Protein chains: 2
Amino acid sequence: MRGAILSVMNETDPNRVDDSLIALRRILRATEQYERDLAASAGLSPAQLRVLQIIAGKPDASATPSALAQQMGVSQATVTSVVDKLVARGLVRRVPSETDRRQTNVILTVTGRSALDEAPDALQQRYVREFVKLEDWEQAQLVASLERVAAMMDAHLIDASPVLTVGAIDGKRK
Amino acid sequence: MRGAILSVMNETDPNRVDDSLIALRRILRATEQYERDLAASAGLSPAQLRVLQIIAGKPDASATPSALAQQMGVSQATVTSVVDKLVARGLVRRVPSETDRRQTNVILTVTGRSALDEAPDALQQRYVREFVKLEDWEQAQLVASLERVAAMMDAHLIDASPVLTVGAIDGKRK
DNA sequence: TTAGTTGCTTCGGTCATCTAACTAATGGAG
DNA sequence: CTCCATTAGTTAGATGACCGAAGCAACTAA
């Protein structure tokens, strides 16, 4: 790797910033890569998978397009097109809301549910397996650090809502 | 409820795995979002920016399409199209290799270089600013944790090559 | 009732990406 | 020195994600 490039120093060791950024990059890359493979093997695109996961994470297994858009950080128009595809595959269904007829609830079908079960969360798999092996204090440490980093990064970003399928985790450790 | 995995201490952790995954998700989302904003403000797409960064990170500010493809984890065809766009904007140039005429070197133009200078690395900006504020031990802690997580995630993935623009880092304060 | 707001879809684009050819150069086996 | 397999890149043709703007309902207030 590189190294001596930034040598001069005063207070903060620049290599540390560097190291942390590199580690972050690795994490990002690994995740992206994995997400792609995963989606591919499940016959779903990452975005489609994400929608399924978000919906599945809701208590009633349903969500409105606008909620999805917000959670995913994309526009409603985008959600519409992704949902279209999921509908076409019979993984979700659009059900008009009864309380407000402008709203549509996107709900999982049985097929969709099982498709999801086939495809574990992108981050999980390998990571979770390793994680549970750690000592208690190490886990706590990691969580604290990650949250710290997350806080540093998304400070201004509204609501980074966890998508993240608690369900899938439960499934594992039951 | 859950967490039967740990026994020793008070059964603190109501799902740490969860927490860590959520934090990770936040990090990913923040990064993606930021990358988009950034790219938008620089008039470049994320992929284009990434190519520029990788090239700039090379000692001679040049890289072959295949090298780019590998580092980015995409196909050569993709690189070709991204590079096409960069060429169209005059940010890079294709220069046939002299040693092997099958090869092409993609090099930064002056314009490309300055475009890059305008656009700091996606991860940096906010994150780095916060990072350097931390106490020394906290930084060390974070780095260790991040590396640990990275190792857990990319175990099998080859080469997570740091793209990451050493240049932009010392740009922060030299 | 009328006007404004909200939720969603439709439309027309751009960009990233892929796989499958295809072209050109290289380099090794005869 | 001549073939041909291999390697580097590009071209072609698709699909998907995404966006902004425009359109349409349905709600909400005045």
Side-chain angles (χ1 to χ4, degrees), chain A residues 29 32-33 35-52 54-55 62-89 91-107 122, chain B residues 28-29 32-54 62-89 91-107 122:
Chain A
R29 276 177 47 78
E32 277 169 19
Q33 187 58 55
E35 221 162 40
R36 249 180 270 163
D37 296 350
L38 174 71
S41 78
L44 291 167
S45 71
Q48 291 169 0
L49 186 53
R50 245 155 91 215
V51 167
L52 290 185
I54 292 175
I55 296 175
S62 99
T64 62
S66 51
L68 289 169
Q70 216 200 326
Q71 283 205 1
M72 297 174 64
V74 301
S75 71
Q76 271 190 350
T78 300
V79 171
T80 295
S81 85
V82 173
V83 170
D84 279 349
K85 274 157 202 155
L86 292 174
V87 169
R89 288 168 185 251
L91 303 179
V92 302
R93 232 180 23 235
R94 278 189 243 248
V95 179
S97 162
E98 294 181 1
T99 60
D100 182 338
R101 268 170 300 188
R102 286 171 304 182
Q103 291 188 319
T104 301
N105 286 299
V106 181
I107 65 172
Chain B
L28 298 190
R29 277 178 42 78
E32 279 169 18
Q33 189 57 55
Y34 185 59
E35 219 162 41
R36 250 178 270 161
D37 295 350
L38 175 69
S41 77
L44 292 167
S45 70
Q48 290 169 1
L49 185 52
R50 246 157 89 215
V51 166
L52 290 186
Q53 289 175 339
I54 293 175
S62 98
T64 62
S66 51
L68 289 169
Q70 217 199 327
Q71 282 206 2
M72 298 174 63
V74 302
S75 71
Q76 269 190 351
T78 299
V79 171
T80 294
S81 85
V82 173
V83 170
D84 279 349
K85 274 157 202 155
L86 292 174
V87 169
R89 287 168 184 251
L91 303 179
V92 302
R93 230 175 28 231
R94 277 188 244 248
V95 179
S97 161
E98 294 183 0
T99 60
D100 183 338
R101 267 170 300 187
R102 286 170 306 180
Q103 291 187 320
T104 300
N105 286 298
V106 181
I107 65 172

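All of these numbers come straight from a predicted model, not from anything done at the bench. Excluded from the calculations below are hydrogen atoms, water molecules and symmetry mates; all remaining heavy atoms, backbone and side chain alike, are included. Each chain gets a letter, A, B and so on, in the order its sequence line appears, and its residues count up from 1.
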- Within the pair A:T80 and C:dT10, is there a side-chain N or O less than 4.0 Å away from OP1 or OP2? no

- Take the protein atom CD of A:Q70 and the nucleotide atom C1' of C:dG7, then report the distance between them rounded to whole Å. 13 Å

- Looking only at heavy atoms, which two atoms of A:T104 and A:P65 are closest? And how far apart? O-CD, 3.2 Å

- Query: What's the verdict on side-chain contact (heavy atoms from CB on, under 4.5 Å) for A:Q48 and A:R89, showing C-alpha distance, side-chain angles and the deciding distance?
  - Reply: CA-CA 11 Å; A:Q48 291 169 0; A:R89 288 168 185 251; 4.3 Å; yes

- Message: Without decimals, in angstroms, what is the distance between B:D84 CG and D:dA12 C1'?
- Response: 13 Å

- Of all the choices, C:dG7, D:dC18, D:dA8, which nucleotide is nearest to the side chain of A:M72 once you look at every atom? D:dC18

- Query: Hey, what do you get for OG (A:S97) to CZ (A:R102), rounding to the nearest 0.5 Å?
  - Reply: 9.5 Å

- Message: Within this structure, what is the CD1-CD1 distance for the pair A:I107 and A:I55, rounded to the nearest 0.5 Å?
- Response: 9.0 Å

- Mind calculating the distance between CD (B:Q48) and P (C:dT14) to the nearest angstrom? 13 Å

- Query: Can you check the A:N105 CG to C:dT9 P distance for me, whole Å?
  - Reply: 11 Å

- Query: In whole Å, what is the span from the CD atom of A:Q103 to the P atom of C:dT5?
  - Reply: 18 Å

- Query: What does A:S97 touch in the nucleic acid at a heavy-atom separation under 4.0 angstrom: a base, only the sugar-phosphate, or nothing?
  - Reply: nothing

- Message: I want to check one thing: is the phosphate of C:dT9, taken as OP1 and OP2, less than 4.0 Å away from some side-chain N or O of A:R94?
- Response: yes

- Item | Nearest to side-chain heavy atoms of B:A47, which nucleotide of C:dT10, C:dC8, C:dT17 | C:dT17

- Sort and list the pairs that fulfil salt bridge (Lys or Arg N to Asp or Glu O under 4.0 Å) and have at least one residue in residues 63-86 of chain B, not counting sequence neighbours. B:D84-B:R94

- Message: Is it true that A:S81 and A:T78 share a donor-acceptor pair across their side chains at a distance under 3.5 Å?
- Response: no

- Note on the structure: Of all heavy-atom pairs linking B:L86 and B:L44, the shortest is CD2-CD2, 4.1 Å

- Task: Would you please confirm or rule out a distance under 4.0 Å between OP1 or OP2 of D:dG9 and any side-chain N or O of B:S66?
- Result: yes

Identify all pairs in which a protein N or O lies below 3.5 Å from an N or O of nucleotides 19-27 of chain D, and state each distance.
unit_1 : atom_1 : unit_2 : atom_2 : d
D:dC19 : OP2    : A:S75  : N      : 2.6
D:dC19 : OP2    : A:S75  : OG     : 2.7
D:dC19 : OP2    : A:T78  : OG1    : 2.5
D:dC27 : OP1    : A:R101 : N      : 3.1

